[in-house]
Amino acid sequence: MAVADSLRAAGCYDLAAVEYERCLFRPGTMADVRLALERKAHCQKAAGRYAQAAQTIGRYAQHPADYCQQGLCHYLAGNFSAAATSLDYARMLSERVGEDVLLLQVLTLNALQLYDSARAVATLLADTYRASTGDDIAPMLDSLFLLTPKLKSENIARWLSFVPGLGHYYAGEYGVGTAAFLLNAALLGFGVWQVFERCYLTAYVGGAGLLSATFPGAMRSAQHYVRKRNHRLTSAYNATFRDALLERF
């Protein structure tokens, strides 16, 4: 443990984490095991290895604060579903929910685009914050939730793409949509023209064959652009929400 502590103090977090793991194979009490794992998780967090830190915390998590820390690590690692699960455990194990758990849960639910659930938790956060500080943040939260982005449906984009390009227009990609429509229309027209010319092989290979590749490709492309648009909007909104909230805490 002394070797691991010295490595941690020197900023050699990866080596310290290995030494703390080595401590688990030596005789000791459960308190010693927990201490080694806690310090190993601290090293992993300091090194930016948040996913690994969450796994380490899971090896000793028993108390609400442990699950809150695990949720934070999952959140920082971008694993928002796992973060939501850890925070649910933290709330179940504690009759009195702290502001840190509620704050992190609001941010996590926003990241999952579960805005109605986030608003419900935010109401509880405002009540808890008002009781402890006397400051009312409910108006600020209400104004932030009014800015919730209007997301579009990938399924709608897919169905609209039965008319090539229409799904892209729905996603706001007008140039790509126009190109998709013209390409598929040209291939369809070429195939029909070759049929009238009785060039059936050319119609099948050059028209129907290429159209069978570009038509489903346009559908997948429209869904991709909707997914990309939703991600861009939610990322910008969540960053604004997070910055505004963290300024008050």
Side-chain angles (χ1 to χ4, degrees), residues 13-14 17 20-21 33-129 132 137-138 140-142 144-145 147-151 154 226-249:
Y13 298 116
D14 289 332
Y20 284 124
E21 183 69 26
V33 171
R34 180 182 175 89
L35 181 61
L37 288 173
E38 284 179 342
R39 293 182 179 178
K40 178 182 178 180
H42 177 271
C43 290
Q44 290 169 327
K45 286 189 290 183
R49 303 183 186 278
Y50 301 114
Q52 294 178 7
Q55 292 179 350
T56 300
I57 294 171
R59 295 166 64 182
Y60 66 83
Q62 293 180 332
H63 309 297
D66 299 333
Y67 286 107
C68 182
Q69 281 297 312
Q70 186 183 45
L72 176 61
C73 290
H74 280 310
Y75 179 85
L76 293 174
N79 193 352
F80 303 120
S81 295
T85 301
S86 296
L87 294 170
D88 284 340
Y89 274 119
R91 291 189 62 179
M92 285 191 297
L93 292 174
S94 177
E95 295 180 359
R96 184 176 181 181
V97 183
E99 295 169 8
D100 51 350
V101 177
L102 295 174
L103 172 62
L104 186 54
Q105 194 168 30
V106 171
L107 298 179
T108 300
L109 292 171
N110 274 351
L112 291 171
Q113 302 175 14
L114 301 174
Y115 295 116
D116 291 338
S117 298
R119 184 188 288 269
V121 177
T123 301
L124 182 57
L125 172 63
D127 294 340
T128 305
Y129 189 73
S132 62
I137 61 172
M140 180 195 71
L141 291 171
D142 290 338
L144 287 171
F145 278 111
L147 302 176
T148 300
K150 305 300 181 184
L151 304 181
E154 293 182 36
V226 167
R227 193 180 308 117
K228 184 178 179 181
R229 173 190 178 276
N230 289 344
H231 178 73
R232 182 177 68 253
L233 291 178
T234 53
S235 296
Y237 170 74
N238 291 341
T240 300
F241 194 107
R242 182 179 62 249
D243 294 342
L245 210 55
L246 292 180
E247 285 181 2
R248 301 295 293 269
F249 287 83

Kindly indicate whether the side chain of [X], heavy atoms from C-beta on, has any atom under 4.5 Å from the side chain of [Y].
| X | Y | result |
| --- | --- | --- |
| V101 | P64 | no |
| T56 | E38 | no |
| Q69 | D66 | no |
| L246 | L103 | yes |
| K40 | R59 | yes |

Problem set entry | Sub-6.0 Å ring centroid separation between Y115 and Y237 | yes
Calculate, to the nearest 0.5 Å, the distance between atoms [atom1] and [atom2] belonging to [X] and [Y] respectively.
| X | Y | atom1 | atom2 | result |
| --- | --- | --- | --- | --- |
| L124 | E99 | CG | CD | 10.5 Å |
| Y129 | L141 | OH | CG | 10.5 Å |
| L87 | Q70 | CG | CD | 9.0 Å |
| N238 | L245 | CG | CG | 11.5 Å |
| Y67 | T85 | OH | OG1 | 11.5 Å |
| L125 | R119 | CG | CZ | 13.5 Å |

Exercise. In this structure, are over 12 heavy atoms from other groups packed under 6.0 Å from Y89 atom OH?
Worked result: no
Problem set entry | D116 CG: over 12 foreign heavy atoms closer than 6.0 Å | no
Which atom pairs, donor and acceptor, lie under 3.5 Å between side-chain atoms of residues 46-54 and protein residues at least two apart or in another chain?
unit_1	atom_1	unit_2	atom_2	d
R49	NE	D14	OD1	2.9
R49	NH2	D14	OD2	3.2

Hey, can you pull the donor-acceptor pairs under 3.5 Å for the side chains in residues 104-112, sequence neighbours left out?
unit_1	atom_1	unit_2	atom_2	d
Q105	OE1	R91	NH1	2.9
Q105	NE2	D88	OD1	3.0
T108	OG1	L104	O	2.8

Problem set entry | Under 3.5 Å donor-acceptor, T234 side chain and N230 backbone | yes
Problem set entry | S235 side-chain N/O to R232 backbone N/O, donor-acceptor pair under 3.5 Å | no
